[in-house]
Amino acid sequence: MRSQSSIVEKAAPIRLADGLVSIDPEPMERRVGLIILATDHTTEPDFARMVAGPRIGTYVARIAYANPTTPQNLRAMQPALSEAAALILPDEPLDAICYSCTSASVVIGDAEIEHAIAAGKPGTKVVTPTTAAVAGLAALGARRISVLTPYTVETSRPMADYFAAHGFDIASFTCLGYEDDRKMARIALDSIVEAARQATAPDAEALFISCTALRSASVAARIEDAIGRPVVTSNQATAWTCLRLCGDETAKPEYGRLMTLPLPTR
């Protein structure tokens, strides 16, 4: 057997190239960070379809999360947000960073989430599904809404309180009773459309479908056809917000009426 030293002696010489390459300013013109749950099956594919492209890159950090989906377990994610934000392209700027959990955004609070992410990624615009949904409903001119969630009644109650506190008149609120976000991600698309149809009150101006695990963004246009009014979903609303923050005003009606509108001015 040859010794390691003899192998090294016979190895081909390595030449250091000098001056052969040029460096671009950044690989992507715009960049969106995503903080998602370890169990999330849906946010990354949704953002790959709706946000990512030749100009916009999406960069993901996952944080620990334990089912069942209860207010206590949702709140337990808060301490991990700062570190997760800091791990997305460390020391490099992002155009926006999205925490992709609707129910946790309600339980923890939008302001607390923004503060925690700012500690890890200072100066970055923070998007939550709840703030994006409120902006989306405002852009659509809807105040009286129906709400559909895949959660239990216990987890849905803070969601109802959140939208009422933001000035919405809730015409109806329906939940499906699931407590595992991995099963929520497996709810059939046809079932989502039918559940949305049944959940929409006759006098509602729009329907909000909560949960980033639910694959509702991909059937938003189908639901709008079925109920005859606009639909806002968690991932659709955050994707819309992130696109607009990146300066992308491209209309994408295949993901619902919201994806054709500009962000409302404050």
Side-chain angles (χ1 to χ4, degrees), residues 22-38 40-63 81-82 84-102 105 110 113-114 116-118 120-140 185 209 211-221 230-266:
S22 59
I23 302 296
D24 288 336
E26 297 293 347
M28 300 297 288
E29 183 180 341
R30 300 286 189 174
R31 298 184 285 189
V32 172
L34 288 172
I35 299 175
I36 67 176
L37 281 57
D40 187 329
H41 285 266
T42 307
T43 298
E44 281 184 278
D46 274 355
F47 267 65
R49 284 190 294 266
M50 293 188 288
V51 177
R55 290 182 56 252
I56 303 175
T58 56
Y59 304 89
V60 181
R62 288 181 176 257
I63 58 175
L81 292 175
S82 298
L87 287 173
I88 302 175
L89 301 181
D91 303 319
E92 296 188 59
L94 299 172
D95 293 277
I97 189 164
C98 173
Y99 173 48
S100 191
C101 187
T102 322
S105 296
D110 294 319
I113 290 169
E114 185 170 352
I117 290 175
K121 206 71 172 175
T124 304
K125 294 184 176 71
V126 177
V127 178
T128 66
T130 42
T131 57
V134 167
L137 291 165
L140 291 161
I209 304 177
C211 191
T212 57
L214 210 59
R215 294 177 293 158
S216 50
S218 61
V219 290
V231 171
V232 174
T233 85
S234 292
N235 287 351
Q236 171 220 46
T238 54
W240 168 71
T241 303
C242 290
L243 283 167
R244 300 302 182 255
L245 291 175
C246 288
D248 189 330
E249 300 290 337
T250 305
K252 299 183 178 183
E254 65 271 26
Y255 298 116
R257 195 182 309 177
L258 178 62
M259 292 289 272
T260 69
L261 301 176
L263 279 177
T265 56
R266 294 184 179 181

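Keep in mind that this is a model prediction, so the values were computed, not measured.
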For [X] and [Y], work out which heavy atoms get closest and say how close.
{"X": "K121", "Y": "I88", "value": "NZ-O, 2.7 Å"}
{"X": "M50", "Y": "A239", "value": "CE-CB, 3.8 Å"}
{"X": "G256", "Y": "Q236", "value": "CA-NE2, 4.0 Å"}
{"X": "A84", "Y": "A61", "value": "O-CB, 3.7 Å"}
{"X": "V127", "Y": "C242", "value": "CG2-SG, 4.2 Å"}
{"X": "A85", "Y": "I35", "value": "N-CD1, 3.9 Å"}

Could you grab the distance from atom [atom1] of [X] to atom [atom2] of [Y], nearest 0.5 Å is fine?
{"X": "L87", "Y": "S82", "atom1": "CG", "atom2": "OG", "answer": "11.0 Å"}
{"X": "L81", "Y": "I63", "atom1": "CG", "atom2": "CD1", "answer": "5.0 Å"}
{"X": "I36", "Y": "H41", "atom1": "CD1", "atom2": "NE2", "answer": "10.0 Å"}
{"X": "S234", "Y": "I209", "atom1": "OG", "atom2": "CD1", "answer": "9.0 Å"}
{"X": "M28", "Y": "L89", "atom1": "CE", "atom2": "CG", "answer": "11.5 Å"}
{"X": "I56", "Y": "R31", "atom1": "CD1", "atom2": "CZ", "answer": "12.5 Å"}

With sequence neighbours excluded, what pairs up with [X] under the side-chain hydrogen bond (donor to acceptor under 3.5 Å, both in side chains) test?
{"X": "R62", "result": "E44"}
{"X": "D110", "result": "T128, T130, Y162"}
{"X": "D46", "result": "R49, N235"}

side-chain contact (heavy atoms from CB on, under 4.5 Å) between E92 and Y59, intermediate numbers included: CA-CA 12 Å; E92 296 188 59; Y59 304 89; over 6 Å; no
Contact check, side chains of [X] and [Y], non-hydrogen atoms, under 4.5 Å:
{"X": "T42", "Y": "L214", "answer": "no"}
{"X": "L243", "Y": "T250", "answer": "no"}
{"X": "I117", "Y": "T124", "answer": "no"}
{"X": "T43", "Y": "L34", "answer": "yes"}
{"X": "T241", "Y": "K125", "answer": "no"}
{"X": "L245", "Y": "D95", "answer": "no"}
{"X": "E249", "Y": "R244", "answer": "yes"}
{"X": "W240", "Y": "V232", "answer": "no"}

S216 (side chain) donor-acceptor with T233 (main chain) under 3.5 angstrom: no
Check: R257 side chain, V231 main-chain N or O, donor-acceptor pair, under 3.5 Å: no
